[in-house]
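Order of the sequence lines sets the chain letters (A, B, ...), proteins ahead of strands, with each chain counted from 1.
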There are 4 protein chains.
Amino acid sequence: MPDKATHPRSLRAQDSVLCATKELLAEGGPAAATVDAISARSGVSKATIYKHWPSRTAIAAEAFGREMAAAIPLPDTGSARGDLAEQVRRVSRFYAGPHGRVFAQLLAASVTDPQAAPYIREYFLDARRAAVSELWQRAVDRGEVKPGISAATAIDVLFGPLIFRLLTGHAPLTAEEADQLSAAALDGLLR
Amino acid sequence: MPDKATHPRSLRAQDSVLCATKELLAEGGPAAATVDAISARSGVSKATIYKHWPSRTAIAAEAFGREMAAAIPLPDTGSARGDLAEQVRRVSRFYAGPHGRVFAQLLAASVTDPQAAPYIREYFLDARRAAVSELWQRAVDRGEVKPGISAATAIDVLFGPLIFRLLTGHAPLTAEEADQLSAAALDGLLR
Amino acid sequence: MPDKATHPRSLRAQDSVLCATKELLAEGGPAAATVDAISARSGVSKATIYKHWPSRTAIAAEAFGREMAAAIPLPDTGSARGDLAEQVRRVSRFYAGPHGRVFAQLLAASVTDPQAAPYIREYFLDARRAAVSELWQRAVDRGEVKPGISAATAIDVLFGPLIFRLLTGHAPLTAEEADQLSAAALDGLLR
Amino acid sequence: MPDKATHPRSLRAQDSVLCATKELLAEGGPAAATVDAISARSGVSKATIYKHWPSRTAIAAEAFGREMAAAIPLPDTGSARGDLAEQVRRVSRFYAGPHGRVFAQLLAASVTDPQAAPYIREYFLDARRAAVSELWQRAVDRGEVKPGISAATAIDVLFGPLIFRLLTGHAPLTAEEADQLSAAALDGLLR
DNA sequence: GAGTAACCGAGACGGTACGTCCTGTCTTGGA
DNA sequence: TCCAAGACAGGACGTACCGTCTCGGTTACTC
């Protein structure tokens with residue numbers, strides 16, 4: 001994570017890096033986002049890159065996370081059940097789409113590369129968890145939730161299955177499947 | 001996947017490879033199980049290794065899967081709810097233990113390496129899913145299950161959260177956490 | 001070199017090998033005539049091949065030598081000078097032609113591979129030297145030769161330059177060049 | 001062929017490579033001068049080696065050529081005939097000596113490996129030809145040469161036979177043999 | 001005409017070298 | 001002072017060919 005506001009050069013360099021990485025990810029997936037390739041395309045030297053990120057996965061996480069944030073806006077259907085079910089459907093659709101594989105590969109990379117894990121967490125998981133926690137809190141406030149169930153538990157039960165399918169591909173990620181999963185999970189989580 | 005009963009030489013070579021890989025995995029995790037290292041330790045040439053497996057991840061999956069199979073026996077507590085909850089606890093304990101990280105890394109590797117995915121599926125997922133499906137069927141037979149819920153859905157809702165936590169490490173995998181997750185999930189799955 | 005007259009199978013096998021090798025040489029040069037390729041195309045197993053030849057170069061030498069023998073018939077112009085000059089021209093033309101490179105590569109291979117050297121000698125050099133020695137003897141008998149010059153010396157002075165050029169390619173192998181070389185050499189060899 | 005004066009690192013690396021190669025050639029001939037071996041002994045990585053040379057033969061040519069240059073100084077006996085005959089004797093002695101086989105194998109390798117041919121030419125042939133051309137020019141200036149004979153022709157007729165014998169080993173490379181060959185050749189070349 | 005021995009195809013195998021790729025560190029020279 | 005440019009060591013990759021070996025079926029002699 002970058003220094004605050006040193007030379008403006010740093011900032012420009014970082015932007016170039018993230019932008020180049022975004023392009024490379026789009027073109028060839030994580031495999032194409034080599035440090036050399038990022039350096040070449042961004043015009044930022046490898047030494048500088050390594051000054052700001054610990055590994056290529058970290059860069060990819062930051063670059064990809066930026067655009068994913070807005071890709072899945074929180075729903076507001078009026079009911080907790082509706083909101084959460086819709087959110088499961090949206091995340092499922094995202095996973096099934098073209099960015100799904102990239103996300104899966106980044107997630108996988110973060111397992112192998114511990115240095116990148118904080119980046120993955122920061123740019124993907126934490127933001128998402130916070131957003132859904134908000135939904136959950138709404139439900140709690142409305143009294144729709146069974147007592148004693150933390151937001152963390154709820155999130156894992158709702159989205160863990162999607163992650164599971166995304167990684168192993170043992171079952172499809174269609175809207176119907178998403179609804180089945182969310183229905184079962186929400187039956188256990190809500191009143 | 002090799003032919004059945006060709007030359008005995010094949011079998012010896014394959015055994016050597018799997019055994020050497022098992023050792024390397026134990027010593028240094030998947031990162032240590034390079035094809036070169038496996039070749040050196042097993043005395044099997046790289047060419048031969050590549051004749052039998054498409055990638056190092058595939059070898060690791062087979063080698064590791066062999067010993068994992070018996071590591072988590074199916075429980076039989078008398079009730080579906082008890083059986084499934086206990087199984088979630090056991091799997092959770094396995095993930096939290098020393099083999100957990102190896103398993104996580106193999107799972108992650110299979111995302112990056114499509115050639116290895118079938119091996120991961122064969123040696124880890126399919127066997128496990130079949131075993132738990134059996135548990136589920138017992139529950140169905142006893143009439144303890146809500147109607148319209150497939151084994152696949154049940155498995156994903158029960159174990160997806162564990163996989164999620166294993167990969168991202170955002171929450172612990174203690175017995176208590178496992179119980180919370182299984183309780184929430186089973187409330188949604190069973191009557 | 002093969003056993004005398006064992007099973008006819010051997011003979012068929014050897015013919016197949018030589019024929020396949022000839023084809024491979026024509027298609028891709030010596031580089032394509034690997035033992036595996038020869039085995040595959042000829043239907044003769046590698047073990048059998050190694051029973052009859054010590055190395056792939058040896059096979060190639062035998063296969064290629066067979067057809068080269070008749071490619072350069074001895075001239076008979078009536079005079080020693082004419083015969084020898086014509087022979088130099090013919091050999092030069094052969095070297096410059098499509099077979100030249102193959103011959104060069106075989107000759108080169110025989111330097112690296114001592115086991116193949118006898119084959120190269122038998123199928124290329126000896127036969128050629130004997131043939132030209134005959135020409136030389138004719139010249140001696142006619143009294144056209146300076147005294148004290150052996151056939152070996154004559155052959156080397158006449159054809160060594162061609163070999164030199166064939167190998168290093170530092171100068172062309174045209175008819176004019178051949179004539180210049182043979183003229184200079186023959187001035188030193190004949191009266 | 002490397003750039004002139006880039007980083008001094010390049011120079012150090014290249015020197016290490018050539019030095020290690022020289023040693024390996026001396027110890028085990030061209031067969032021992034593997035790229036891996038050169039890399040291991042010189043401490044220069046394979047990638048770097050391949051950045052500077054196209055093939056192992058090229059490295060060997062450069063390494064070996066460096067020391068061969070001074071090994072055969074040009075003679076100056078006062079007469080063209082004497083100089084050239086002496087030079088043939090010296091080259092012959094070199095070929096017959098311990099370096100002869102290495103030279104032969106490099107020459108052979110350059111036939112198989114076109115990428116290395118320029119290196120062979122640069123480090124062996126061109127320098128030698130230039131040196132002998134000088135001798136030849138002296139002879140021309142002294143009027144000892146028959147008219148119409150180019151240096152190239154003279155060189156080939158004089159040294160081609162030696163190359164021929166070096167490669168095929170069909171005749172010895174003693175001083176007497178060298179004298180016979182040079183005598184015959186010079187009779188044809190000089191007045 | 002059956003038995004038996006040699007032989008052969010098929011191809012797996014260990015070994016060795018190849019040439020490529022990517023990482024993360026380091027150095028140089030210019031801005 | 002900071003950075004692009006990129007050279008470098010290290011190490012894994014996947015491939016190719018070699019020469020040896022083992023197997024099982026066929027062939028061709030022997031009795």
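Across residues 28-50 of chain B, B/G43, B/V44, B/S45, B/A47, B/T48 each have a non-hydrogen atom less than 4.0 Å from an atom of DNA chain E (numbered order).
The CD1 atom of B/I59 sits 9 Å away from the P atom of F/dC13 (whole-angstrom rounding). Remark: P of F/dT26 and CZ of C/R12 are 15 Å apart, rounded to the nearest angstrom. Look at CH2 on C/W53: it is 16 Å from C1' on F/dG19, rounded to the nearest Å. Across the protein-nucleic acid pair, A/Q115 atom CD and E/dT23 atom P stand 13 Å apart, rounded to whole Å. Spacing between atom CG of B/D15 and atom C1' of E/dC13 amounts to 16 Å, rounded to whole angstrom units.
Side-chain contact between A/F64 and A/V102 is present, with at least one heavy-atom pair separated by less than 4.5 Å. Counting heavy atoms from C-beta outward, B/I120 and A/T168 have side chains that stay 4.5 Å or more apart. C/Y119 has its side chain out of reach of C/S55: every pair of non-hydrogen atoms, C-beta onward, lies at least 4.5 Å apart.
Residue order along DNA chain F, read from the 5' end via each residue's closest nucleotide, puts A/K51 first among A/K51 and B/R56.
Applying the 4.0 Å criterion to OP1 and OP2 of E/dA12, one finds that B/H52 has every side-chain N and O outside that range.
Applying the salt bridge (Lys or Arg N to Asp or Glu O under 4.0 Å) test to B/K46 and every residue at least two apart in sequence or in another chain returns B/D36.
Aromatic ring centres of A/F124 and A/F103: separated by under 6.0 Å.
C/E62 and C/K22 are not joined by a salt bridge, as no carboxylate oxygen comes within less than 4.0 angstrom of a charged side-chain nitrogen.
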